[in-house]
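Working notes, structure below.
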Amino acid sequence: MHRLPEECSAHKPAMCYNTARRRRYFPFRVSVGIMQRSLPSILDGLNEQQREAVVHGDGPLLIFAGAGSGKTRVLTHRAAYLIRERGVSPHRILAVTFTNKAANEMKARLRRLTPGQHRSLWVGTFHSICARILREDGERVGVPQNFVVFDDSDQTALIKDCLRDLQLDPEQFVPSRVLNSISAAKNELIAPRDYFNWRGGRPYDEIVARVYERYQHQLHENAACDFDDLIDYTVWLFERHPDVLERYQDRFHYVLVDEYQDINFAQYRLIKLLAEKHRNLCVVGDDDQAIYGWRGADMRIIMRFDEDYPDARVIKLEENYRSTGNVLRAAWEVIRHNEVRREKRLWTNAPPGEKLVCHRARDEHDEAFFVADTIQHLVEHEGRSFRDFAVLYRVNAQSRVFETVFVSRGIPYRVLGGLRFYDRAEIKDLLAYLRVIHNPADSVSLKRIINRPTRGIGATTLQRLEQAARERGLSLLEAARHAEAIPEIGPRPQRALAQFVSLIDGLCARKETVGVTDLTKAVIEQSGYRTALEEEKSAKARGKIENVDELLSATREYEESAEKPSLAGFLESIALLTSVDELEEGLETVVLMTLHSAKGLEFPIVFLVGLEEGLFPIARAAFSDNPMELEEERRLCYVGLTRAKENVFLTSAELRTIFGRTEHTMVSRFLKDIPEELVEAYGPISPRNITWEAADTSRRAAPEAAESGPDGSGFASGDRVRHPHFGDGMVVSVSGTEERPIISVAFPHKGIKKLDPAYVELEKLG
DNA sequence: ACGGGCGTCTTTTTT
DNA sequence: AGACGCCCGT
């Protein structure tokens, strides 16, 4: 019998901080169900619109599915309906989701609705589906069969190499920014040679274009794709090889796409090509929940669906089954301020429920105390469990204070999206070994491990080796294999290299005969990795050894659950894992995550924290004169509010220290959008460790009451000022001493400037 | 070749 | 406040 992990850990008094523990490989292990006597009905319990969407026949269909309107249900029931009632072979259906978790959930539900048939249905994320297609047919566009997927850190490492090769100053051309530009181009299917014109031909763009070109070249040399390549190469495969496209078109008579509001141009193109022939394209989305514009998603795509397909059926799902009336009303009051949105409004039969609670804390510690107090109170006195709560924040950096406070209070919690298990250095090292074994051309991974653990191959040797590899057109491993022919490398490093090559060769020889777990074991032992850690004898090293052992249970788990386990499959599934995929359900813990990660999830009680101008909405949007950025922030707020089934707590801090800077804050404008009658306010509370009852007595009428302009400079947060050079801006904070205040002013396009009024003439605007 | 220590820089969200 | 990179001493 397989013991599910929650059975083991649910009643442990200790917390399961995910900082110490790997999360399970598969977020969803669907428990083996009892045999279905009779199939669940497909149409029962659906409302009129849902039913309409499910039974829609052929032709394009657009479903606007508001938050909590039963979207997943409609999607799965539609697939089941096609299979059971219309005789469509599941083999002919493709369903594209945003996360693996959503894909797994859909599979699990389909298993119940169409037992025995669900297996041949393709469900996956854009990236996993494309990876699968490229694995099959990628060679037609130059993608080798054993390609690897480069993650974020691989990409950055490679970009840095490219900058170095082109002798560009990484100060001037910040790797992460260059990478963003390249990614933006790839989202729009722009190839390196078109980049310069596409961007408008500034001198900077010419440089980026050269880096882009080199980067692509290097990816190719490494037999690697980055995330965006997976989509782009598949589109190119389809565009250049109509026979391949037709094969897939004929396979997938029905295409379903979830989260359509968050797709980018390349993904749009891909879906368009796939669905072109049969035109049975069903897309589901909600323009009010479009929150990925910053990474190339284009909500105009969903807005224009009915222009693209004039015969499209459009169905709106507006009945909400998740939240109370008050929560829904609050969400509405926020989102209705957006200009760019389809007309629609969620409604519910549910009672109004409790009011939202708002609290303005003194600083971020008090904010965390308030959240902890509230959680403890509700758990102790109102029968709530820790799993009922989610703390949602705008930026990951906010999680730390909550972690500290939760640890001290003994509140069990998990943080999503921080440092993932697979991002840890020791795990990445071992994965790099596996990747080199799988794909010897992967020089980025090889560089990572060539001297880890240290084996006498230092920076100088590596440099010489790379040089030789470049000159001879060899991969790093090939160059290392012939190290004795490189005169620049001394005899000692040559021997070390020879030994390293034979280590890799030995491991490669075993990859065909042993499973992933045994191979990984061999890597850990033969590479000397474990020995090196054991010799270190520090607490840190012991933790690493634990993680290394955890990796072995991950491979074991993979081999048990995968249909056809392989090294390639294991590596790929890790590369395409998202942070929510690691959210295991049913654990008795509070969950902390960003608002972005929370999309698609729901919790009885939600804390929306850090509701401050400049944090949420984030500074860039708050002080930008591009209203679209603010609209995206507002949608993010809408997403946060609609995660709650029963209660919402909204918090902010008067003083916030973040990234080592302390600043006075103003309450978020989103909070002010919510009508007073929906909100009750608590605070401010000054003594720490207050109890809920204490907070209760310090109830105040308005949360903004504590806002003040705290100094003698004549300037306060929120003032509009005119600068002789920068123009008009808004004071966002006042710091420094009372005699010598320093004022931070946000100027549109120019960012936030720290100004000393003693030197600059600042005119206060009425 | 290697590791420690110091200084600098960065901080939106992530498939 | 933390991560990272660089430089220096061993």
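Note on naming: letters A, B, ... go to the chains in the order of the sequence lines (proteins, then strands), and numbering restarts at 1 for each one.
- We find that Asp288(A) and Arg341(A) are joined by a salt bridge, their nearest charged nitrogen and carboxylate oxygen being less than 4.0 Å apart.
- When heavy atoms are screened at a 4.0 angstrom cut-off, Ser597(A) is found touching the sugar-phosphate backbone but no base atom.
- One side chain, Tyr413(A) or Glu403(A), offers a donor N or O that lies under 3.5 Å from an acceptor on the other.
- Think of the region where chain A sits on DNA chain C: with heavy atoms and a 4.0 Å cut, that region ends 5' and 3' at dA1(C) to dG5(C).
- Between Glu633(A) and Thr460(A), it is Thr460(A) whose nearest contact on DNA chain B lies nearer the 5' terminus.
- Residue Arg620(A) is in base contact, counting any heavy-atom pair closer than 4.0 Å across all strands shown.
- If you check the side chains of Glu259(A) and Gln261(A), you find a donor sitting under 3.5 Å from an acceptor.
- Taking a heavy-atom distance under 4.0 Å as the criterion, the stretch of DNA chain B touched by chain A extends 5' to 3' from dA1(B) to dT15(B).
- Geometrically, Arg452(A) does not engage Tyr529(A) in a cation-pi contact, judged by NZ or CZ lying under 6.0 Å from the ring centre and within 45° of the ring axis.
- Side-chain contact annotation: Tyr268(A) with Asp298(A), donor-acceptor N/O pair under 3.5 Å absent.
- The residue Lys599(A) sits apart from the nucleic acid: no heavy atom pair falls under 4.0 Å.
- Geometrically, Lys599(A) does not engage Tyr292(A) in a cation-pi contact defined by less than 6.0 Å to the ring centre and at most 45° from the axis.
- No contact: Phe126(A) has no heavy atom under 4.0 Å from any strand.
- Residue order along DNA chain B, read from the 5' end via each residue's closest nucleotide, puts Pro493(A) first among Pro493(A) and Asn180(A).
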Please assess Arg448(A) against Asp154(A) for the test salt bridge (charged side-chain N to carboxylate O under 4.0 Å, His left out), listing each intermediate value before the final yes or no. CA-CA 10 Å; Arg448(A) 186 182 177 101; Asp154(A) 303 319; over 6 Å; no
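- Among the heavy atoms of the strands, none lies under 4.0 Å from Thr657(A).
- No salt bridge links Glu572(A) with Arg132(A); every basic N to acidic carboxylate O contact stays at or beyond 4.0 Å.
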